[in-house]
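So the structure is just underneath, and the comments pick up after that.
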Amino acid sequence: MTSAPLTSAPEIISSLLDLTAWAVFDVDAEGRVLAGNDESGSMQLVEIAPDGTRTQLTALPSRCSGRYVPGTRRVVVQHDDGGDEKMQLSLLDRGTTALPATAADLTPMVHDPAYKHDLADVSAESVVFLTNRRDGVDFDVVVHDLATGTQTTLYDGGGYLVGAAASHDRRSVAITTLSSKPRSTQILLAGGEDATASRAVTAADEHAHHTHVAWAAGDDALVMASDHEREFAAVVRVRRSDSGTDTGAQATVWETLVEADDHDLEVVLSPDGSAMVVGHHQDGVTTLAVHEPDGTHRRDITLPDDGVPTVVWAPDSSRFAVHLTTSGDPGSIHLVDATTGDVTTVVDGRAQIPAGLPLSVPTVHRVPTPDGEQIPCFVYPPAGDDAATVPALTGASVVLVHGGPEGEATRLFSPVIQALAGVGFTVLVPNVRGSAGYGKRWVSLDDVDKRLDSVADLAALRAWLPELGLDPERSALWGGSYGGYMVLAGTTMQPDLWAAGVDIVGMSSLVTFLENTSEYRRAAREREYGSLEHHRDLLVAASPITHLHQLRAPLFVIHGANDPRVPLSEAEQIAAALAERGIRHELRVYQDEGHGLAKRANRKDAYPAAIEFLTEILGR
């Protein structure tokens with residue numbers, strides 16, 4: 001059945017921002033899926049029964065996530081306050097708690113609103129979490145016994161920890177910590193026979209990124225994705241050597257299980273170690289296959305479309321859930337039988353898309369730079385017909401830069417991109433140098449003193465616009481977090497190139513950003529941008545506010561008052577400087593948000609206004 005297209009730009013934008021986003025957090029042995037959706041206005045827990053019945057589990061004031069306690073009807077709920085990212089852990093009992101549960105209905109498990117408590121691992125007996133409650137900076141690994149409430153610290157060696165996985169016998173934990181090198185991690189072991197010290201599995205000073213760490217069957221090795229001594233991440237098995245006492249890489253035995261010559265691999269090992277899902281990641285999409293634990297290929301998994309999948313195994317390793325988002329799918333959830341590969345769709349995200357809502361399908365390009373590099377870029381052409389788009393925007397474009405900076409633009413569903421394309425803009429979504437997803441060399445090309453090389457990529461993208469038949473004089477920048485920094489850097493350092501900008505939680509000064517960000521984040525960020533102690537002159541030179549005297553482009557600035565990463569002061573100081581110079585701008589601050597806009601009401605307030613701002617400036 002066909003339907004007339006939506007008839008106005010505001011109608012297109014509103015319809016896109018009203019679409020429900022989904023997430024998947026866990027699966028239990030009976031096939032129930034612990035999911036999340038933002039139908040209520042922010043991401044809340046929803047349980048999907050095997051027969052498809054959906055039950056909303058939480059109604060908290062801010063977004064949340066969770067995990068099942070295996071073998072029970074209890075859920076560990078992870079939640080914060082107004083986007084401050086200071087996660088607290090609570091228990092929800094499906095058998096006794098009134099649903100949907102409010103904060104008052106949850107049983108506190110680990111609560112101290114001054115600190116972070118990040119959920120890392122859950123078993124029937126215990127919960128493993130990461131917390132900076134000891135000094136507000138360094139993270140510890142703590143095990144909470146669900147029966148007694150007793151908490152045992154397994155690691156307190158300091159550092160910014162990003163993950164911890166308990167062994168099958170629950171005696172040891174594999175810890176992933178950020179190392180001193182940009183885009184690098186180190187793997188440590190804690191617990192076991194010697195619970196007083198951690199042991200290094202990988203070297204602290206190696207430039208290598210290790211992710212998705214899990215214990216092999218028998219707890220004698222770890223399985224992970226790693227770019228150790230290679231350009232692209234492979235699936236590897238790693239164990240410590242029985243000989244020697246060295247705590248670095250020399251005491252580690254590496255075995256490659258699955259590899260590719262020209263793209264990164266991802267891996268999610270089953271809980272019992274009997275199978276693993278391997279993802280092949282190329283140009284913003286990932287295809288999946290099931291492999292035996294020795295790396296032997298078992299079967300490819302056929303999903304409805306190529307996109308960005310998230311995989312979560314059931315505790316008995318019989319099946320896994322896949323959350324899939326594509327450029328045309330806001331998010332679907334599928335259950336996959338690990339033995340047969342059969343796919344059952346639990347949530348079809350495409351079904352909610354209104355008939356007649358235009359969607360843009362991206363094409364993949366490589367944009368040349370003056371120094372001979374090639375910038376990967378997705379181009380979304382205008383969607384819809386003349387009745388729905390703004391004719392004056394023909395030839396106008398928006399360059400949308402991802403956050404990170406070690407992040408990546410993928411071909412997932414973005415209401416903002418689709419809204420911009422829906423009203424008539426051509427949207428370019430690049431992976432400028434410094435982006436992940438294209439090998440170790442590319443992600444390293446903006447480290448410390450190379451920061452402005454990444455900013456220079458914006459000029460190359462602008463110079464390429466005529467190749468698409470676009471008007472270079474009518475192009476704007478849009479970005480969040482590091483992307484917001486790139487908006488401010490482009491409009492101040494390249495003032496003749498950009499007609500306008502939309503800055504969302506971006507840094508206007510790398511110096512004040514590092515001085516005022518949360519203490520636990522400072523060292524992690526300095527390894528990428530440079531340190532306040534040793535690189536202050538470089539940080540000043542790379543700060544947009546240093547070049548503010550050149551700015552002419554109007555700016556639309558969005559920020560959350562509770563942002564723990566990029567403080568609100570970064571937005572306030574750029575807005576004050578713009579006001580002093582009489583440059584058109586708008587600053588919108590949301591008191592119940594953190595690093596970005598998690599609530600639909602705020603997105604529906606900010607994004608249509610920002611799009612209208614660009615439409616007024618870039619329209620003929």
Side-chain angles (χ1 to χ4, degrees), residues 9 12-13 15-17 19 283-285 307-308 325-330 357-367 375-385 388-403 407-432 435 457-481 483-484 486-487 490-491 497-504 553 556 558 603 606-619:
I12 290 173
I13 298 169
S15 295
L16 285 162
L17 294 175
L19 294 175
D283 263 332
V285 297
V308 182
T325 175
T326 73
S327 59
D329 184 346
L357 179 64
L359 295 179
S360 179
V361 178
T363 52
V364 179
H365 303 265
R366 294 291 187 271
V367 180
I375 307 168
C377 185
F378 310 128
V379 176
Y380 292 76
D385 64 8
T389 58
V390 179
L393 293 179
T394 301
S397 60
V398 176
V399 177
L400 191 149
V401 188
H402 66 73
E408 178 188 0
T410 58
R411 284 182 272 168
L412 49 66
F413 186 87
S414 167
V416 167
I417 292 173
Q418 293 294 347
L420 288 165
V423 304
F425 289 105
T426 297
V427 186
L428 287 77
V429 184
N431 277 301
V432 294
S435 301
D457 282 349
L458 299 177
L461 288 157
R462 201 258 196 185
W464 186 70
L465 293 176
E467 296 292 324
L468 299 175
L470 300 173
D471 182 357
E473 300 299 321
R474 295 190 301 127
S475 188
L477 295 170
W478 180 304
S481 191
M486 290 288 275
V487 170
T491 52
L497 302 188
W498 306 105
V502 176
D503 158 36
I504 305 169
F556 195 101
I558 300 168
R603 295 194 295 265
Y607 295 154
I611 293 172
E612 177 61 26
F613 182 86
L614 294 186
T615 300
E616 292 177 6
I617 295 167
L618 300 183

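We count residues from 1, following the sequence as given. All values derive from a computational prediction rather than experimental measurement. Side-chain atoms are counted along with the backbone in the values below, which use heavy atoms only and exclude waters and symmetry mates.
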Going by heavy atoms in the side chains, are Ser15 and Ile12 under 4.5 Å from each other? no
Heavy-atom side-chain proximity of Ile417 to Phe378 below 4.5 angstrom: no
Assess whether side-chain contact (heavy atoms from CB on, under 4.5 Å) is satisfied between Val364 and Arg411, documenting all intermediate values. CA-CA 10 Å; Val364 179; Arg411 284 182 272 168; 3.7 Å; yes
Roughly how far, to the nearest 0.5 Å, is CG of Leu497 from OG of Ser475? 9.5 Å
Whether Arg474 side chain and Ala499 backbone form a donor-acceptor pair below 3.5 Å: no
Which heavy atom of Leu400 sits nearest to which heavy atom of Val416, and what is that distance? CD1-CG1, 4.1 Å
Of the options Thr326, Val308, Asp329, Leu16, which is the one that meets Phe413 in a side-chain contact (heavy atoms from CB on, under 4.5 Å)? Leu16
Do His402 and Val429 have side chains that approach each other closer than 4.5 Å (heavy atoms only, starting at C-beta)? no
Closest non-hydrogen atom pair, Pro376 against Asp283: CB-OD1, 4.5 Å
Looking only at heavy atoms, what is the nearest atom pair of Tyr380 and Leu412, with distance? OH-O, 4.1 Å
Does the side chain of Leu428 reach to within under 4.5 Å of the side chain of Val367, using non-hydrogen atoms? no
Can you tell me how far CG of Leu393 sits from CG of Asp471, rounded to the nearest 0.5 angstrom? 12.0 Å
Within the structure provided, determine whether Ser360 and Val427 are in side-chain contact (heavy-atom separation under 4.5 Å). no
Using side-chain heavy atoms (C-beta onward) and a distance below 4.5 Å, is Trp498 in contact with Val399? yes
Just say parallel, tilted or perpendicular for the rings of Trp478 and Tyr607, cut-offs at 30° and 60°. tilted
Any chance you could measure Asp457, atom CG, to Cys377, atom SG, to the nearest 0.5 Å? 10.5 Å
Taking all heavy atoms of His365 and all of Val379, pick out the closest pair and write down the distance. CD2-CG2, 3.4 Å
Are any non-hydrogen side-chain atoms of Val423 and Glu612 less than 4.5 angstrom apart? no
CE on Met486 to OG1 on Thr491, rounded to 0.5 Å: 11.5 Å
Roughly how far, to the nearest 0.5 Å, is the CG atom of Leu470 from the CZ atom of Arg462? 11.5 Å
Ignoring hydrogens and angles, tell me if any N or O in the side chain of Asn431 forms a donor-acceptor pair with the backbone of Ala409 under 3.5 Å. yes
Do Val487 and Val502 have side-chain heavy atoms sitting under 4.5 Å apart? no
Between Ala463 and Pro466 the two heavy atoms that sit nearest each other are O-CD, 3.3 Å
Starting at CG of Leu618, measure out to CD1 of Ile611 and round the result to the nearest 0.5 Å. 12.0 Å
Tightest non-hydrogen contact, residues Ile13 and Pro608, listed as CG2-CG, 3.8 Å
